[in-house]
There are 2 protein chains.
Amino acid sequence: MKTGNGKTGRPISFDKDAALEAAMLLFWERGFEGTCMTSLTQAMGLNPSSIYAAFGDKHALFQLAVKRYMGTRAQYATVALEEPTLEKVVRALFDNTVAFLTTPGHPPTCMTLAGAMGGSVEAAPARDLMTEIRRQNEVAMKERFLQARKSGELSKDVNVDDYTRYLSSILAGLSIQSANGSTKAELKRTAEMALRHLGC
Amino acid sequence: MKTGNGKTGRPISFDKDAALEAAMLLFWERGFEGTCMTSLTQAMGLNPSSIYAAFGDKHALFQLAVKRYMGTRAQYATVALEEPTLEKVVRALFDNTVAFLTTPGHPPTCMTLAGAMGGSVEAAPARDLMTEIRRQNEVAMKERFLQARKSGELSKDVNVDDYTRYLSSILAGLSIQSANGSTKAELKRTAEMALRHLGC
DNA sequence: CTACATCTGTAACGTACGTTCCGTATGTGT
DNA sequence: ACACATACGGAACGTACGTTACAGATGTAG
């Protein structure tokens, strides 16, 4: 359970980051319940004992994989919110999302959607984690929009909660479109139509 | 495998429709892979042999459950497309979707989204079926919009494929919102904001 | 009433799951 | 060099999965 403190004993013989990356990609593709430990051992190139010693059980490994996903691949959303103006923020949200969804080398949809919608009671913790992350993403968007409201970029007539949910919906919808097999060009045109209707 | 022709032998002793309805609700909530046969036997009130004799294996049962879902609960979409004018069609799509998602007695999201995103290779047929249904829904929408284009209700400047994907995205996004735990009032306001931006 | 066809209930099948055990290998501290 | 601490590799664990086998129940046809 507790991996070594690095002071004594035999040191780890594998790249922990690379192993976690492999686990993340597999969870991303198949979701928590669709990914079995046997597949993980193969993808990570490790024996079960090494995985359990380094990362804990399947639930803990999933959490770590999701954390890694949020800290790396999913940063496009955080980055978009740092744009200086509201219009640039919204444009970046759509552009980055389309770029993200169509990046080769990983599944064509959000891990938070493919990872655990539905599932048995055993998978409930994973599903709840995905839901919480989706809600946290909305909170981050809302805070940026509140800032735009204060700076006068977003009209006071607009309900910020509604605006946030609306944008979040379209972005989630793009991810579903991508999962359906839409091409990069199609996603781009869909995003452009959304931007046009948003007045950007 | 093949259930009786009704002429001879012991007749079935249960309500086939009610059993399939129970199976559909369970698949809807937990997805294909998250639903085990043991849970199905309990929810349907049947023994394994009765299920296999009446509906076939798990994959076949899932297909029948999805078919039932499309023919009953998911009819709100088909109905919306039958509205006389484009504006009424679009309004009905959003209103019916919100009403559907917030109807008590079933999970707060689309079966086609919760049923099988991701999953192991074993669940691939179920996932492909869900994807195909989502695409068929878009085809039905597109045909209705093409009709509106011919009647002059939809500007010829609008690319019908893009318009369809855009609306489909927002509607899918609403389903994700609902899965996130949004209330009926919140979904309504989100839908209204979408309609406003669409110029309806 | 008898022969036959089908459904029902239970137990069992083989497999795959997540997880743990344990003998061995490989490092550090003295 | 030696004791110790940890990691590795692989086999094994108990459980749950989807599915099937089979004996008994219950109907229809003649």
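Chain A is the first sequence line, chain B the second, and so forth, proteins listed ahead of strands; every chain is numbered from 1. Predicted, not measured: the structure shown is a model, and the values here were computed from it.
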What's A/P11 touching, base or sugar-phosphate or nothing? Going by heavy atoms closer than 4.0 Å.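 Since only primed, P, OP1 and OP2 atoms lie under 4.0 Å of A/P11, the category is sugar-phosphate.
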Could you check how far [atom1] of [X] sits from [atom2] of [N], rounded to whole Å?
X      : N      : atom1 : atom2 : answer
A/H59  : C/dT19 : NE2   : C1'   : 12 Å
B/E122 : C/dC17 : CD    : P     : 10 Å
B/R30  : D/dG18 : CZ    : P     : 11 Å
A/L26  : C/dC17 : CG    : P     : 12 Å
B/K58  : D/dT19 : NZ    : P     : 8 Å
A/L40  : C/dC17 : CG    : C1'   : 12 Å
A/Y52  : D/dG10 : OH    : C1'   : 15 Å
B/F55  : C/dT8  : CZ    : P     : 10 Å

Sidechain N-carboxylate O distance under 4.0 Å for A/E21, A/R73: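 Answer for the salt bridge query: yes.
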Member of A/T109, A/T97, A/N180 meeting the side-chain hydrogen bond (donor to acceptor under 3.5 Å, both in side chains) criterion with A/S175: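 That would be A/T109.
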Test side-chain hydrogen bond (donor to acceptor under 3.5 Å, both in side chains) applied to B/Q177 and A/R134, A/E138, A/R165, the passing residue: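 Of all the options given, the one that passes is A/E138.
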To the nearest 10 degrees, what angle separates the axes at the start and end of the helix from C/dC1-D/dG30 to C/dT30-D/dA1, five pairs each?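 End-to-end axis angle: 10°.
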Go through it in stages, so that I can follow the logic: the residues are A/T85 and A/E87, the test is side chain to side chain donor-acceptor pair (under 3.5 Å), and I'd like the CA-CA distance, side-chain angles, deciding distance and then a yes or no. CA-CA 5 Å; A/T85 70; A/E87 181 175 335; over 6 Å; no
Please tell me which of B/T35 and A/N47 maps to the more 5' nucleotide of DNA chain D, matching each residue to the nucleotide holding its nearest heavy atom.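 That would be A/N47.
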Earlier contact from the 5' end, DNA chain D, for B/S39 and A/L46: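 Between the two, 5'-proximity favours A/L46.
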Donor/acceptor link under 3.5 angstrom from [X] side chain onto base of [N]:
X     : N      : result
B/S13 : D/dT26 : no
A/T8  : C/dG29 : no
A/T38 : C/dG18 : no

Answer yes or no: are there more than 12 heavy-atom neighbours, outside B/K150 itself, under 6.0 Å from its atom NZ?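 Result for NZ/B/K150: open.
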Does any donor atom in the side chain of B/S151 or B/E153 lie under 3.5 Å from an acceptor atom in the other side chain?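 The answer is yes; a qualifying pair exists.
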Examine the side chains of A/Q136 and A/E132 and answer whether a donor and an acceptor come within less than 3.5 Å of each other.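 Their side chains do contain a donor-acceptor pair, which is all the 3.5 Å distance test asks for.
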Which of these nucleotides, [options], is closest to any side-chain atom of [X]?
X     : options                : value
B/F14 : C/dT8, C/dG18, D/dT20  : C/dT8
A/P48 : D/dT19, C/dC17, C/dT20 : C/dT20
B/R10 : D/dG24, C/dT20, D/dT20 : D/dG24

Check the pair B/R144, B/E83 against side-chain contact (heavy atoms from CB on, under 4.5 Å), reporting the backbone distance first and the verdict last. CA-CA 10 Å; B/R144 182 62 184 86; B/E83 291 287 332; 5.6 Å; no
Whether A/S50 contacts D/dC8 is assessed here as follows: a side-chain N or O lying under 4.0 Å from the phosphate OP1 or OP2. Is that the case?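 Affirmative; the distance criterion is met.
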